Amino acid sequence: MAGVTLEQAAWRFEIMDVIHRYCHAVDRRRWTLMDSVFHEDATYKFFSIEGTWRDFVAQAKGLIDPIGPTHHQVSNITICFDGDTAWSETYLRAFHQVPADYPPWTLFSLAGGGVILIGGRYIDRFERRDGEWRIAHRHGLLDWRQDHAEADGGLGATPTEWRGRHGDGDPSLPVMAGWL
């Protein structure tokens, strides 16, 4: 592989910022941030969810909004540039606290509730349009899943005021204000 140019190094940080903003949007339920993550005509495929990115957000809201805290961490971000197109692979680990009354027929179903940990990857095609990098297509892959029945991830012993919150009640609002 040829050396990375200074311009590509800057683009890498822009792309990583988009990936991180996606995780924040899901975990804090700030779904409007997705407008700054995906190009308007972007497509998405992850588990049984497939279609436009707006289809994904509608389905994700239905799946994720009713559960407790989620926490997505990403690492091992590899990016390959081809002009105004970039391909990336991002490893992810995610924590999902599932309530006992969560519907039994969904992706995050866990009889009696508990914690689901997943490991997977995002394979993204980014495109730079009008000088801005956003996702044009995302293909999510699941590499492993661990179910922990009747666990709360240790949150039961944690004071409410120490916990993260969804939406504008979370202290991270000033960090994201420029995109909201």
Side-chain angles (χ1 to χ4, degrees), residues 10-79 86-99 102 106-108 115-143 145 153 155 160 162-180:
W11 290 346
R12 178 178 167 77
F13 281 104
E14 290 176 35
I15 288 170
M16 289 170 46
D17 193 49
V18 170
I19 293 166
H20 294 141
R21 196 163 51 249
Y22 169 89
C23 295
H24 177 93
V26 173
D27 291 338
R28 302 280 62 88
R29 313 307 198 262
R30 290 183 174 144
W31 300 108
T32 58
L33 281 173
M34 295 297 187
D35 288 325
S36 69
V37 170
F38 293 98
H39 284 296
E40 187 55 40
D41 60 346
T43 54
Y44 197 102
K45 178 177 174 44
F46 202 8
F47 303 118
S48 60
I49 301 173
E50 186 170 5
T52 69
W53 74 269
R54 290 193 185 278
D55 294 335
F56 157 73
V57 169
Q59 292 179 57
K61 285 173 70 172
L63 289 169
I64 293 175
D65 281 355
I67 67 177
T70 60
H71 190 93
H72 289 71
Q73 295 178 342
V74 294
S75 64
N76 300 14
I77 301 173
T78 305
I79 302 171
W87 291 92
S88 69
E89 177 186 56
T90 304
Y91 280 59
L92 76 114
R93 289 188 318 158
F95 168 98
H96 302 87
Q97 185 184 40
V98 181
Y102 193 76
T106 66
L107 175 68
F108 295 117
V115 170
I116 296 174
L117 302 174
I118 65 167
R121 291 172 288 141
Y122 299 129
I123 308 297
D124 294 326
R125 186 183 78 244
F126 278 84
E127 293 179 2
R128 188 168 65 103
R129 301 179 191 171
D130 299 323
E132 187 173 8
W133 289 99
R134 291 189 187 181
I135 298 170
H137 177 74
R138 168 163 282 179
H139 185 170
L141 302 168
L142 180 65
D143 290 330
R145 174 179 165 154
L155 291 174
T160 303
W162 293 359
R163 300 180 196 175
R165 294 176 277 298
H166 299 136
D168 292 343
D170 191 79
S172 64
L173 184 60
V175 177
M176 305 311 290
W179 287 286
L180 292 169

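Here the structure is a predicted model, which is why all the values come from computation and not from measurement.
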Q. For Pro66 and Lys61, which heavy atoms make the closest approach, and how far apart are they?
A. CD-O, 3.7 Å
**Q.** Minimum side-chain heavy-atom gap Trp31-Val26 below 4.5 Å
**A.** yes
Q: Kindly compute the distance separating OG1 (Thr90) from CD1 (Ile123), expressed to the nearest 0.5 Å.
A: 7.5 Å
Q. When rounded to the nearest 0.5 angstrom, what is the spacing between CD in Gln97 and CD1 in Ile116?
A. 11.0 Å
Q) ring-ring contact (aromatic ring centres under 6.0 Å, His included) with Tyr122: which residues, sequence neighbours excluded? A) Tyr22, Phe46
Q) Ile79 and Met16: which non-hydrogen atoms are nearest, and at how many Å? A) CD1-CG, 4.5 Å
Q: Please determine if Asp35 and Arg54 form a salt bridge, counting it only when a charged side-chain N lies under 4.0 Å from a carboxylate O.
A: yes
Q: Decide yes or no for Phe56 and Met34: does some side-chain heavy atom of the first lie under 4.5 Å from some side-chain heavy atom of the second?
A: yes
Q.
Strictly distance-based, threshold 3.5 Å: is any side-chain N or O of Tyr102 a donor or acceptor partner for the main-chain N or O of Leu63?
A. yes
Q | Closest contact, heavy atoms only, Ser88 versus Ile19 | A | OG-CD1, 4.3 Å
Q | Nearest atoms (heavy-atom pairs only) where Leu142 meets Gly119 | A | CD1-O, 3.6 Å
Q.
As a quick check of understanding, evaluate side-chain hydrogen bond (donor to acceptor under 3.5 Å, both in side chains) for Arg21 and Ser36, giving each step before the final call.
A. CA-CA 8 Å; Arg21 196 163 51 249; Ser36 69; 2.8 Å; yes
Q) Do Glu89 and Asn76 come close enough that some side-chain heavy atom pair is under 4.5 Å? A) no
Q: Taking the side chain as every heavy atom from C-beta outward, state whether His20 and Ile77 have any pair of such atoms under 4.5 Å apart.
A: yes
(Q) Once side chain to side chain donor-acceptor pair (under 3.5 Å) is applied, do any residues pair with Thr43, and if so which ones, sequence neighbours excluded? (A) His137
Q: Over all heavy atoms of both residues, which pair between Arg129 and Ala136 is shortest? Give the atoms and the distance, please.
A: NH2-CB, 4.3 Å
Q. Which of parallel (below 30°), tilted (30 to 60°) and perpendicular (above 60°) describes Trp133 and Phe126?
A. perpendicular
**Q.** Main-chain N/O of Thr52 paired with Asp55 side-chain donor or acceptor, under 3.5 Å
**A.** yes
(Q) Quick one, Trp53 and Glu40 - any side-chain contact, counting heavy atoms below 4.5 Å? (A) yes
Q. About how many Å separate CG of Asp170 and CZ of Arg30, when rounded to the nearest 0.5 Å?
A. 5.5 Å
Q.
Let me confirm one number: the CZ-CZ distance from Arg134 to Phe38, rounded to the nearest 0.5 Å.
A. 11.0 Å
(Q) Any side-chain to backbone donor/acceptor pair from Asp27 onto His72? Under 3.5 Å, distance only. (A) yes
(Q) I want to check something: taking the side chain as every heavy atom from C-beta on, are Ile67 and Pro99 in contact at a cut-off of under 4.5 Å? (A) yes
Q: Any chance you could measure Thr70, atom OG1, to Arg29, atom CZ, to the nearest 0.5 Å?
A: 4.0 Å
Q) Atom CZ of Arg128 and atom CD1 of Ile15: how far apart are they, to the nearest 0.5 Å? A) 10.0 Å
